[in-house]
Structure formats: structure tokens, C-alpha cells
Amino acid sequence: MDESAPAIGAVLPRPRPVSCPPWCTDGPHGDLDPPGTALHRSPPATVAVYDEACELVAAHVRAAFWDKAPEWIGTDPADLERPHVEVGAPAAGGDVPMYLTPGQARSFAAALVRAADAADTEAFYRTPVPPGVPSTAVPASAPLPQA
């Protein structure tokens with residue numbers, strides 16, 4: 001008798017078939033534990049932002065979904081096992097990832113729009129400051145006044 005064979009009538013876990021969402025173009029779809037684990041990702045939208053060194057860097061935003069979360073994630077938080085939004089911004093120590101539910105992503109986007117509107121309003125209504133008071137000093141290279 002084969003000892004590795006399941007008992008008759010035993011309920012066997014079956015890996016779920018991997019079927020990609022229509023937006024999936026990237027992500028590991030095999031060689032992950034447990035069987036049936038797959039990460040689906042949409043194409044990233046790239047946004048130029050300034051990092052902590054005031055350098056322009058590329059931040060990436062995309063939809064993502066674990067078809068079945070790998071063991072190292074588990075089910076905490078369960079929101080990662082549903083479609084969510086990934087945001088990655090480069091930093092000195094590597095990418096800084098953020099994972100948002102669709103509702104969190106909409107709230108974050110709305111907060112960004114409000115902050116951008118406030119910044120635009122402030123810039124629009126602020127009285128421009130002249131670069132400096134004009135000097136009345138005569139440059140050394142100017143001809144001397146004739147008497």
C-alpha cells in the first residue's frame with residue numbers, strides 16, 4: 001500500500017486555477033508556495049516626484065492582486081488577498097512600498113487633489129516678490145560723468 005496516497009474519501013485541497021484579471025500584464029504566476037499562488041499586476045503608471053534629496057525619481061502606481069497569498073504573507077491583512085493598489089517610490093534605502101485598498105487609494109488621491117488645489121491657489125494669489133531692490137550704485141566700468 002502506498003503510504004503517500006490519501007485515505008479513501010479524504011477531502012483534498014486543490015489548488016485554484018490561475019486566471020488573470022483583464023488588467024494583468026505582470027507578476028509571478030508560478031513557482032510560488034503554496035500551489036495556486038499568483039500575483040497579478042497591471043502595467044505601472046509612472047509619475048515623476050521629488051525624493052528626499054530633491055532629485056526627480058519615478059514613482060509607480062498599479063493595481064495588484066494575490067490570487068492566493070503566499071505563506072510568507074499569510075492572511076494578515078486579508079485586504080491583500082483582494083485587488084488593491086501598489087505605490088512604490090524610490091528612496092535611499094530602496095523602494096518605499098505602500099499597499100492601499102481601492103477605498104484608501106481613492107481617499108489618498110482626493111487628499112492629493114485637495115493639497116494640489118490649495119498649493120495652486122496659494123501660488124496664484126501670492127503677491128510676487130521682486131528678485132531684489134534695484135541698485136543705484138554706478139558700475140565700476142561705467143564712464144565718469146563729464147563736468
Side-chain angles (χ1 to χ4, degrees), residues 4 6 10-147:
S4 64
V11 177
L12 300 176
R14 293 179 10 161
R16 292 189 307 189
V18 176
S19 57
C20 291
W23 43 260
C24 180
T25 61
D26 184 22
H29 291 93
D31 298 328
L32 297 171
D33 279 327
T37 299
L39 174 61
H40 305 284
R41 288 181 163 154
S42 69
T46 303
V47 181
V49 297
Y50 289 102
D51 68 3
E52 66 273 9
C54 299
E55 299 285 332
L56 272 176
V57 295
H60 303 286
V61 180
R62 66 167 110 205
F65 168 56
W66 284 102
D67 188 51
K68 182 177 184 181
E71 292 173 352
W72 56 270
I73 287 181
T75 57
D76 188 24
D79 287 337
L80 292 182
E81 288 194 60
R82 297 190 246 320
H84 58 278
V85 176
E86 289 182 350
V87 179
D95 271 3
V96 176
M98 290 191 306
Y99 305 98
L100 303 102
T101 65
Q104 291 170 329
R106 286 184 186 93
S107 295
F108 191 65
L112 286 171
V113 168
R114 285 190 303 273
D117 288 347
D120 281 344
T121 301
E122 177 66 18
F124 183 71
Y125 289 108
R126 182 178 290 273
T127 306
V129 177
V133 179
S135 174
T136 56
V138 178
S141 61
L144 295 174
Q146 299 295 325

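Residue numbers start at 1 and run along the sequence shown.
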(message) For the NE2 atom of His40 and the CH2 atom of Trp66, what is their distance to the nearest 0.5 Å?
(response) 10.0 Å

(request) Indicate the atoms forming the closest heavy-atom contact of Arg62 with Pro43, along with that distance. (result) CB-O, 3.9 Å

(request) Using a 4.5 Å cut-off on heavy atoms from C-beta on, say whether the side chain of Thr101 contacts that of His84. (result) no

(request) Heavy atoms only: give me the nearest Leu39-Ala64 pair and the separation to one decimal. (result) CD1-CB, 4.4 Å

(request) Apply the test side-chain contact (heavy atoms from CB on, under 4.5 Å) to residues Tyr50 and Val57: give CA-CA distance (whole Å), side-chain angles for both, the deciding distance (0.1 Å), then the verdict. (result) CA-CA 6 Å; Tyr50 289 102; Val57 295; over 6 Å; no

(message) Less than 4.5 Å apart, side chain to side chain, heavy atoms only: is that true for Tyr99 and Val85?
(response) no

(request) Measure across Ser42 and Thr25 and return the closest heavy-atom pair with its distance rounded to 0.1 Å. (result) C-OG1, 3.7 Å

(request) For residues Pro90 and Ala58, report the shortest heavy-atom separation together with the two atoms involved. (result) CD-O, 3.1 Å

(message) So does Pro97 get a backbone contact from the side chain of Asp95, meaning a donor-acceptor N/O pair under 3.5 Å?
(response) no

(request) Locate the shortest heavy-atom distance separating Pro102 from Pro83; write the atom from each residue and the value. (result) CD-O, 3.6 Å

